[in-house]
Every structure is written in structure tokens, then in C-alpha cells.
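First comes the structure, then the notes that go with it.
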Protein chains: 2
Amino acid sequence: MSIASDLLRGNTDTIILASLTGHDSYGYLINKEIMAKTDSQMELKDATLYSAFRRLEKDGLVNTYWGDEEVGARRRYYSITDKGREVYEQNKAEWQKAKQMIDSLLV
Amino acid sequence: MSIASDLLRGNTDTIILASLTGHDSYGYLINKEIMAKTDSQMELKDATLYSAFRRLEKDGLVNTYWGDEEVGARRRYYSITDKGREVYEQNKAEWQKAKQMIDSLLV
DNA sequence: CAATATACCTCGCCTGTCAAGGTATATTTT
DNA sequence: AAAATATACCTTGACAGGCGAGGTATATTG
């Protein structure tokens, strides 16, 4: 990854929630999509991704269920909850604010 | 502080370097300036600030010297080094890139 | 049959933030 | 005169998130 992880920190959960707003998804795909959208400049490491899922689950922001693939590796799907959508909107707003403030501090 | 510290993380050092680009400064003042510029919505906690200074010093991005105040509390001043300016520019560029990428991921 | 891609997971380290505590001086309020 | 507030510095230890390193299992491609 070419972007310092400390710059991503605080946005990981939000990014995952974002990728769940349109449709349910699963870890591997979410990561692939992020890489595709950022030209492989950004990537959520496995361990980061799965620890984020545990956190989101614990906080009731996502639900999870096993896919019924009859072929290939099993997939654990995630869906965003109402609370998840709420938190997502809050996080986005906070990000907008933080962005502005940081920009105003960098000459 | 109203902005989640995880959103600041990764920018702390850059913000400190930014405030040293115009003129030497000291911890307490740097913090006051940040609060003034962000309407008190952002603040570097003491411990965070001073651990950042140690890091910047260790990495040769700032130099430090004691002020010669004849009245009031003593001040430890910091000045940015050439390497500091270099890293500052790099960090700013990286921030611009990270910003764009995160924005592109948030629907 | 080996390598690669898909797909999941855990453990334990590292690093940055910060709550809580401390020191010392100067000014303002009671 | 004493207490409170502002200025100004500092350290310790806990905590949380990122991730390197390791693991499992299935399907496809060379």
C-alpha cells in the first residue's frame, strides 16, 4: 500500500460501511473493489479488514450470514443495518469537517 | 475535542511542521493557534503534542532550543529543519492523495 | 502436480493518542 | 494574603487500531 495507514485510520470502518450501502458484500470482494477504485494504491490488509468486521458486528452496524455457494470457497456476507447507515452518515459528515480543518491548518 | 482523534492521526506531525514553516514556535503556542484556527474544534492534547515533538526531533525534522524569557514560564522553542520542510511537502502531497482516495470511496 | 486465485481466520507486536498525574512562574480574583 | 487561573513544560501507563506472519480450505490454470 502506498498510503500511510495512519491516514486511513479512522476511515476504515466508514469505507467498509460505504461498500455495503448498495448491496451486501463479503470481505474478499470489498477489498478487491477498494483496490480497483484506487488503482491499487489503497488496500485493507486481511487482518485489518476482519478485525473491522468484528468491531462493526459488535456495534450492531452490520449483520452477517454465510453464502450458499455450491462451488468455490465459502463466503461470509455482510449487510449494513439501519444503525450502520446512521453511523455511516455521521462518519461521512465528520470526515468532511476533519478534512476542512486539516486543510485549513496545512499552509 | 469534537473531531475523532483517529481522523487526525497521521496528520499531527504534519500540522506541527506546518505551524513551524513561517517562524519558530513552542508547544503551548502551537496548540493555541490550532485551537484558534479551528474554532476550538480541534486540539492537540499535551501528551500527544510532546510525544510528537520527541518523534520529530529524533527524526531530525525539528531542532529545539530554550527561549531566554526573563519573565514568565520558560519556553522550549522548535525550528523546522531542511529535512523537516522536505518531509512536510511529502506529507502534504500524501494527504492530498489520501483525501481524494477516501472521498472516492465514500458514496 | 505445482502454482495461483479465491476466501476465510487468529495471534501478537507496534505505534500514536491521551487520561492522569506532576512541576514552576505570573497574573487575576476573591 | 490566599485562591484561582493562565502560562508553560513534562512523564507514565493504558488502550485501540493496523498489520506481519502464520494458518485453513477449495477451484482453476499452467
Side-chain angles (χ1 to χ4, degrees), chain A residues 1-17 19 24-36 40 42-59 61-62 64-78 91 98 102, chain B residues 1-17 19 24-36 40 42-59 61-62 64-78 91 98 102:
Chain A
M1 160 169 39
S2 60
I3 286 297
S5 50
D6 274 342
L7 289 178
L8 270 326
R9 193 167 173 142
N11 289 296
T12 317
D13 292 13
T14 315
I15 288 168
I16 293 174
L17 290 175
S19 69
D24 295 3
S25 191
Y26 56 95
Y28 192 80
L29 181 60
I30 288 174
N31 214 354
K32 286 286 162 206
E33 283 179 354
I34 289 172
M35 288 175 69
S40 287
M42 198 173 130
E43 177 198 357
L44 294 183
K45 297 293 154 54
D46 266 29
T48 305
L49 184 67
Y50 291 109
S51 81
F53 279 141
R54 295 304 148 258
R55 200 161 50 235
L56 293 168
E57 243 187 299
K58 185 173 68 66
D59 295 343
L61 309 187
V62 301
T64 178
Y65 56 94
W66 285 100
D68 56 353
E69 287 72 42
E70 272 159 30
V71 80
R74 72 215 163 128
R75 297 173 183 164
R76 183 196 275 279
Y77 282 87
Y78 295 91
N91 287 359
I102 292 169
Chain B
M1 158 168 41
S2 58
I3 285 298
S5 49
D6 275 341
L7 289 179
L8 269 327
R9 193 163 175 148
N11 290 295
T12 315
D13 292 14
T14 315
I15 287 168
I16 293 175
L17 290 175
S19 71
D24 295 2
S25 190
Y26 57 97
Y28 192 80
L29 182 59
I30 288 174
N31 215 354
K32 285 286 162 205
E33 283 179 354
I34 289 172
M35 286 174 69
S40 287
M42 199 174 131
E43 177 198 357
L44 295 182
K45 297 292 155 55
D46 265 29
T48 305
L49 185 65
Y50 291 110
S51 81
F53 279 143
R54 297 303 148 259
R55 200 162 50 233
L56 292 168
E57 243 185 301
K58 186 172 68 65
D59 294 344
L61 308 187
V62 302
T64 178
Y65 56 93
W66 285 101
D68 56 353
E69 287 71 41
E70 273 158 29
V71 82
R74 77 217 157 122
R75 297 174 182 164
R76 184 197 275 278
Y77 282 87
Y78 295 90
N91 287 359
I102 292 169

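Hydrogens, waters and symmetry mates play no part in the numbers below; they use all other heavy atoms, side chains included. Chain identifiers are assigned alphabetically (A, B, ...) following the order of the sequence lines, protein sequences preceding nucleic acid strands; residue numbering begins at 1 within each chain.
Look at B/K32 and you'll find a side-chain N or O under 4.0 angstrom from OP1 or OP2 of D/dT7. Residue B/T48 places at least one side-chain N or O under 4.0 Å from the OP1 or OP2 atom of C/dC18. Contact annotation: A/S51 side-chain N/O to D/dG17 OP1/OP2 distance is not under 4.0 Å.
One finds the CD1 atom of A/I34 at 6.5 Å from the CD1 atom of A/I16 (value rounded to the nearest 0.5 Å). The distance from the CG atom of B/L7 to the OG1 atom of A/T14 is 7.0 Å, given to the nearest 0.5 Å. One distance of note links OH of A/Y28 with CG of A/D46; it measures 9.5 Å at 0.5 Å rounding. To the nearest 0.5 Å, the span separating CG on B/N11 from CG on B/L17 amounts to 11.5 Å. Rounding to the nearest 0.5 Å places CZ of A/R9 at 8.0 Å from OG of A/S5.
Minimum atom distance to the side chain of A/T12 is reached by D/dG18, of the listed D/dG18, D/dC10, C/dT17. Closest contact between the side chain of B/Y26 and the listed nucleotides C/dC18, D/dG18, D/dC9 involves D/dC9. Of the candidate nucleotides D/dA8, D/dC10, C/dC18, D/dC10 has the atom lying nearest to any side-chain atom of B/Y50. Residue B/A47 places its side chain closer to D/dT11 than to any other of D/dC10, D/dG18, D/dT11.
Both A/L49 and B/A73 lie near DNA chain C, and the one whose nearest nucleotide falls closer to the 5' end is A/L49. For the pair A/R9 and A/R74, nearest-nucleotide mapping onto DNA chain D gives the more 5' position to A/R9. If A/N11 and B/F53 are placed on DNA chain D by their nearest nucleotide, the residue sitting closer to the 5' end is B/F53.
In this structure, CG of B/L44 is placed 16 Å from C1' of D/dA8, rounded to the nearest angstrom. Residue A/I34 contributes atom CD1, which lies 12 Å from atom P of D/dG18 at whole-angstrom precision. Summarising the geometry, the separation between CZ on A/R76 and P on C/dT6 is reported as 21 Å, rounded to the nearest angstrom. Atoms OH (A/Y78) and P (C/dA7) sit 14 Å apart, rounded to a whole Å. If you measure from atom CZ of A/R55 to atom C1' of C/dC9, you get 16 Å, rounded to the nearest angstrom. D/dT24 atom P lies 19 Å from atom OH of A/Y28, rounded to whole Å. Regarding B/Y65, its OH atom lies at a distance of 16 Å from the C1' atom of D/dA8, rounded to whole Å. Taking atom CZ of A/R54 as the reference point, atom P of D/dG17 lies 14 Å away to the nearest angstrom.
For A/D46 and D/dC19, a side-chain-to-base donor-acceptor distance below 3.5 Å is absent, hydrogens and geometry of angles not being considered.
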